[in-house]
**Student:** 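Here it is, the structure in full.
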Amino acid sequence: QLFPITLKEFNEHWQGWYDEIAEKIKAKVQGNVLRMNHIGSTAIHGLTAKPTIDILLEIDHSTELNELKEDLFELGFRYHHQPSNPPPHMMFTKGYTLKGYDARVYHLHVRYLGDWDELYFKDYLNDEAKVREAYQRLKIELARMFQFDRERYTDAKTDFISEATRKARLKYGYMYKPKD
């Protein structure tokens, strides 16, 4: 009940929120950042979304994970072991309080450098207005149905995301290269 699924109209400031925290992360963890991207719905221009900034931080296999954790703790992130996520099975959050959401909420997904679906999906929805609009309709419907059940909300989007990502991989090729 404390953290309901709440969708907001697209906010131009979301990119700035990402840029601001990304600079702090890069400065703090220094040489451990191989690539960092704003992912998730707040990275898709014009899309109604939960106002949570999702970040994909890709690191080298030689990164000292305990040091990375400590650096991110110092920036106010909380660590969550995620055994079902790709290695190194790490996620960090910021912006959850005992009274609910803070003004800014972040999910930092840490992975080794790779070819990740989230990057394709983001670019595809930014490029394909009809797909973006269909996804928005789905999200709004599911938020109404599962306002207090984040897991079911997320699971119900899986088929749409998988199909859009499959089409994106065909459109963009098989190895993700960030769009300019």
Side-chain angles (χ1 to χ4, degrees), residues 3 5 14-15 17-19 21-44 47 49-96 105-127 131 135 138-139 142 146 149-179:
F3 302 110
I5 303 295
W14 290 337
Q15 182 63 43
W17 296 356
Y18 164 78
D19 292 339
I21 197 73
E23 285 305 313
K24 290 178 182 177
I25 292 167
K26 286 177 191 174
K28 190 68 176 167
V29 302
Q30 297 184 3
N32 292 319
V33 176
L34 294 180
R35 184 169 61 182
M36 190 172 350
N37 280 279
H38 184 189
I39 60 171
S41 293
T42 59
I44 301 167
L47 185 66
K50 294 188 321 274
T52 300
I53 308 302
D54 282 288
I55 303 165
L56 176 60
L57 171 62
E58 294 176 273
I59 60 173
D60 188 85
H61 285 271
S62 65
T63 300
E64 172 48 55
L65 299 179
N66 285 328
E67 285 179 22
L68 178 67
K69 283 184 204 175
E70 288 299 320
D71 288 341
L72 293 170
F73 287 153
E74 289 178 22
L75 291 175
F77 283 93
R78 296 184 63 191
Y79 170 69
H80 306 273
H81 180 65
Q82 299 287 304
S84 62
N85 285 4
H89 313 290
M90 299 173 83
M91 183 177 155
F92 294 83
T93 59
K94 183 175 179 167
Y96 292 89
V105 178
Y106 299 93
H107 290 177
L108 178 63
H109 309 270
V110 178
R111 298 184 189 161
Y112 295 119
L113 188 65
D115 189 39
W116 303 111
D117 286 347
E118 293 90 341
L119 301 170
Y120 290 92
F121 183 72
K122 173 190 77 168
D123 285 349
Y124 192 66
L125 265 64
N126 274 317
D127 289 347
V131 179
Y135 186 54
L138 175 64
K139 288 168 59 80
L142 295 175
F146 304 119
D149 191 340
R150 185 174 301 268
E151 189 171 312
R152 288 182 67 192
Y153 170 79
T154 300
D155 288 348
K157 297 184 301 180
T158 300
D159 289 344
F160 185 99
I161 293 169
S162 295
E163 180 60 17
T165 301
R166 184 189 68 75
K167 290 176 181 177
R169 284 184 173 275
L170 291 173
K171 178 177 180 175
Y172 301 129
Y174 290 100
M175 185 59 177
Y176 179 79
K177 294 188 178 24
K179 294 181 72 175

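We use all heavy atoms of the structure for the numbers below, so side chains are in, but hydrogens, waters and symmetry mates are not.
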**Student:** Please enumerate all residues that pass side chain to side chain donor-acceptor pair (under 3.5 Å) together with His38, with sequence neighbours excluded.
**Tutor:** Gln15, Thr42
**Student:** Taking the side chain as every heavy atom from C-beta outward, state whether Leu65 and Ile59 have any atom pair closer than 4.5 Å.
**Tutor:** yes
**Student:** Can you confirm if the NZ or CZ of Arg169 lies within 45° of the ring axis of Tyr120 and under 6.0 Å from the centre of its six-membered ring?
**Tutor:** yes
**Student:** Identify, with sequence neighbours excluded, every residue that meets side chain to side chain donor-acceptor pair (under 3.5 Å) alongside Asp149.
**Tutor:** none
**Student:** Could you check whether any side-chain heavy atom of Leu108 comes within less than 4.5 Å of a side-chain heavy atom of Lys94, counting everything from C-beta outward?
**Tutor:** no
**Student:** Would you please name every residue forming a salt bridge (charged side-chain N to carboxylate O under 4.0 Å, His left out) with Arg150, sequence neighbours left out?
**Tutor:** none
**Student:** Enumerate the ring pair (Phe, Tyr, Trp, His ring centres under 6.0 Å) contacts for residues 60-86, please, sequence neighbours excluded, ordered by first and then second residue.
**Tutor:** His61-Tyr112, Tyr79-Phe92
**Student:** Under the side chain to side chain contact (heavy atoms under 4.5 Å, CB included) rule, collect the residues that match up with Glu64, sequence neighbours excluded.
**Tutor:** Asn66, Glu67
**Student:** Can you tell me how far the CG atom of Asp123 sits from the CG atom of Leu125, to the nearest 0.5 Å?
**Tutor:** 10.0 Å
**Student:** Could you state the interatomic distance from CG (Leu75) to CD1 (Ile25), rounded to the nearest 0.5 Å?
**Tutor:** 6.5 Å
**Student:** Considering residues at least two apart in sequence or located in another chain, which fulfil the side chain to side chain donor-acceptor pair (under 3.5 Å) criterion with Ser62?
**Tutor:** Asp60
**Student:** Run Ile53 and Val105 through side chain to side chain contact (heavy atoms under 4.5 Å, CB included) and show every step you take.
**Tutor:** CA-CA 6 Å; Ile53 308 302; Val105 178; over 6 Å; no
**Student:** Show the numbers, then the answer: is there a side-chain hydrogen bond (donor to acceptor under 3.5 Å, both in side chains) between Ser41 and Lys50?
**Tutor:** CA-CA 7 Å; Ser41 293; Lys50 294 188 321 274; over 6 Å; no
**Student:** Name the atoms and distances for all side-chain donor-acceptor pairs under 3.5 Å in residues 26-33, with sequence neighbours left out.
**Tutor:**
| from | atom 1 | to | atom 2 | distance (Å) |
| --- | --- | --- | --- | --- |
| Lys28 | NZ | Glu74 | OE1 | 2.4 |
| Gln30 | NE2 | Ala27 | O | 3.3 |
| Asn32 | ND2 | Val29 | O | 3.2 |

**Student:** Taking the side chain as every heavy atom from C-beta outward, state whether Tyr106 and Tyr18 have any pair of such atoms under 4.5 Å apart.
**Tutor:** no
**Student:** Please report the interatomic distance CE(Met36) to CD1(Ile21), rounded to the nearest 0.5 Å.
**Tutor:** 9.5 Å
**Student:** So, do Asp155 and Phe146 sit near enough that their side-chain heavy atoms are less than 4.5 Å apart?
**Tutor:** no
**Student:** Under the ring-ring contact (aromatic ring centres under 6.0 Å, His included) test, which residues partner His107, sequence neighbours left out?
**Tutor:** Tyr96
**Student:** What distance separates Glu118 CD from His109 NE2, expressed to the nearest 0.5 Å?
**Tutor:** 7.5 Å
**Student:** For Lys167, what residues pass the side chain to side chain donor-acceptor pair (under 3.5 Å) criterion, not counting sequence neighbours?
**Tutor:** none
**Student:** Rounded to the nearest 0.5 Å, how far apart are NE2 of His89 and CD of Gln82?
**Tutor:** 10.5 Å
**Student:** Which residues satisfy the side chain to side chain contact (heavy atoms under 4.5 Å, CB included) test with Asn126, sequence neighbours excluded?
**Tutor:** Ile44, His45, Lys122
**Student:** Can you name the one residue among Phe121, Phe160, Trp116 that meets side-chain contact (heavy atoms from CB on, under 4.5 Å) with Thr165?
**Tutor:** Phe121
**Student:** Between Tyr135 (side chain) and Leu47 (backbone), is there a donor-acceptor pair under 3.5 Å?
**Tutor:** no
**Student:** Excluding sequence neighbours, so at least two apart, what forms side chain to side chain contact (heavy atoms under 4.5 Å, CB included) with Leu113?
**Tutor:** Leu34, Arg35, Glu58
**Student:** A side-chain contact here means heavy atoms from C-beta on lying under 4.5 Å apart; do Ile55 and Asn37 qualify?
**Tutor:** no
**Student:** Just to verify, what does Lys69 make a salt bridge (charged side-chain N to carboxylate O under 4.0 Å, His left out) with, not counting sequence neighbours?
**Tutor:** none
